[in-house]
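All values derive from a computational prediction rather than experimental measurement. Lettering follows sequence order; numbering is per chain, from 1. Just so it is clear, the values below take in all heavy atoms, side chains as well, and ignore hydrogens, waters and symmetry mates.
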Number of protein chains: 2
Amino acid sequence: MADGISERVRPRERILETAQDMFHKHGIKGVGVDAITEAAGTNKMTLYRHFESKDDLIIECLRATACKAGAMWDAFEAEYPGDKLAQLHAWVRKAAQMLSADSRGCDMANAAIELSETDHPARRVIKELKEAQRERLVNLCREAGVGQAELLADTLSLLLDGARVSLQSVGAAGPSAQFVRMAEGLIASFKAR
Amino acid sequence: MADGISERVRPRERILETAQDMFHKHGIKGVGVDAITEAAGTNKMTLYRHFESKDDLIIECLRATACKAGAMWDAFEAEYPGDKLAQLHAWVRKAAQMLSADSRGCDMANAAIELSETDHPARRVIKELKEAQRERLVNLCREAGVGQAELLADTLSLLLDGARVSLQSVGAAGPSAQFVRMAEGLIASFKAR
DNA sequence: TCGTGACGTTACAGACCGGTAACACCCTAG
DNA sequence: CTAGGGTGTTACCGGTCTGTAACGTCACGA
């Protein structure tokens, strides 16, 4: 068989990776633990030996995706060391690139919408991770030397979140197609003043 | 009892109203038909006499909420007849007012996220209704005399959608708190040029 | 060699889900 | 008064879900 994923990776990692992918594609409530374990080439018992519950698995998945997003930021710094403005433009390009037609949007935002129970354990994790991302974008804007860095960062953040949900509502030909133009226009106008 | 809702209203209307409310609060996959009918003061059989399936009910709910949103637009025209710019500012105020702390966001967008199956019957309805709203906002911007009306309308649209999901991810103290300032700033800058 | 721990398999519990069948009821229009 | 349509009630079907129990297997290290 040699699934590639089941070669030499431990079940826990396979489950985590598969769950991330399936949660992203089909939604959290749209996929059961049986389907995850089967796709990961293992079984339910092994899943519950590594994760307390499905909620626990959800949280671990969110942390993992946030970690990957963090690596993206590091890549910007590596590509344009010290040039914060270039990194900001790289962020715009990367964001636009995440708006491909088959994208299913932001896992955190989707989870926040799907898990409507206000006391769901994943909600505080979502809030933490999203706030960390916001802080990172604010810092980037500030160090890029734009005025009102917080306002620019928040605007860009809302634009991206909006583009990602719009993509799912009306498709790639909708408002999200103009994301780059909007973002670049905003950065330019904030830089001017 | 006199629930208010079960007084003299036919079961179909009660179900539709209750379902809208419950889908909004708890999500579509988060509420079952039994819970809806019980809250509507009726039973499952009556629901299935008026709606083919749960999917059918979902679609009717989306149409109903879109209809209510349409009435909102008419209210703008009634309040500021002919003054399209005033209507645009009224739209901003109304949008901001929908960003209250306990809001659960846009039903269409939430449904699009929850119903990840690409061939789900509700998806084309969502697309139609969202596109109609977009067209309406574009027309308002154009008639308000701003340059690049489509781009402004799309930007405002993404900002609002983004604010509504951000509200659910990080709460009312997050980026969505700046929505009015962002929107007004955008309108001003588009009017200038 | 042995045993220990990680993993797989099967079966199941208990709950919930969407949807249907059969039947009793009641209000109202004729 | 009567017939009939809209409604309520109960019970059920088949399926899916999360989570657990019991047991078998296999590799690896002492």
Colleague: Roughly how many Å is it from NE2 in H26(B) to P in dC17(C), rounded to a whole number?
Modeller: 12 Å

Colleague: Measure from the side-chain heavy atoms of R14(B) and tell me the nearest of dG19(C), dG8(D), dG8(C).
Modeller: dG8(D)

Colleague: Expressed in angstrom and rounded to an integer, what is the separation of M45(A) atom CE from dT18(D) atom P?
Modeller: 15 Å

Colleague: Taking atom P of dT18(D) as reference, at what distance in whole Å does atom CD1 of I36(A) sit?
Modeller: 8 Å

Colleague: Could you state the atom-to-atom distance from CG of N43(A) to C1' of dT20(D) in whole Å?
Modeller: 13 Å

Colleague: Rounded to whole Å, how long is the line connecting atom CD1 of I15(B) with atom P of dG18(C)?
Modeller: 14 Å

Colleague: Between dG18(C), dA21(D), dG8(D), which nucleotide gets closest to the side-chain atoms of V33(B)?
Modeller: dG18(C)

Colleague: Report yes or no: is there a donor-acceptor pair, N or O only, under 3.5 Å between the side chain of K54(A) and the base of dG19(D)?
Modeller: no

Colleague: My understanding is that only one of K54(B), M22(B), R14(B) makes a side chain to side chain contact (heavy atoms under 4.5 Å, CB included) with I36(B); could you say which?
Modeller: M22(B)

Colleague: Can you tell me which nucleotide in dT7(D), dG18(C), dT9(C) comes closest to the side chain of Y48(B)?
Modeller: dG18(C)

Colleague: From the set dA22(C), dG18(C), dC7(C), return the single nucleotide nearest to any side-chain atom of H50(A).
Modeller: dC7(C)

Colleague: Report the nucleotide, chosen from dG8(C), dG18(C), dT18(D), that has the shortest atom-to-atom distance to any side-chain atom of T46(A).
Modeller: dG8(C)

Colleague: Between dT16(D) atom P and D34(A) atom CG, what is the distance in whole Å?
Modeller: 10 Å

Colleague: How close or far is atom P of dT18(D) from atom CD1 of I28(A), stated in whole angstroms?
Modeller: 12 Å

Colleague: Can you find a donor-acceptor pair, distance only, under 3.5 Å between R49(B) side chain and dG5(D) base?
Modeller: no

Colleague: Can you confirm whether L152(B) sits close enough to V138(B) that some side-chain heavy atom of one is under 4.5 Å from a side-chain heavy atom of the other?
Modeller: no

Colleague: So, under a plain 3.5 Å distance rule, would you say the side chain of R12(B) forms a donor-acceptor pair with the base of dG6(D)?
Modeller: no

Colleague: May I have the distance from E117(A) (atom CD) to dT18(D) (atom C1'), rounded to whole angstrom?
Modeller: 14 Å

Colleague: Between D161(A) and K130(A), is the closest basic N to carboxylate O distance under 4.0 Å?
Modeller: yes

Colleague: Does any donor atom in the side chain of H89(B) or E184(B) lie under 3.5 Å from an acceptor atom in the other side chain?
Modeller: yes

Colleague: Of all the choices, dG8(C), dT20(C), dA21(D), which nucleotide is nearest to the side chain of K44(B) once you look at every atom?
Modeller: dT20(C)

Colleague: Within the pair T42(A) and dC7(C), is there a side-chain N or O less than 4.0 Å away from OP1 or OP2?
Modeller: no

Colleague: Measuring from atom CD of E114(B) to atom NZ of K29(A), what distance do you get when rounded to the nearest 0.5 angstrom?
Modeller: 6.5 Å

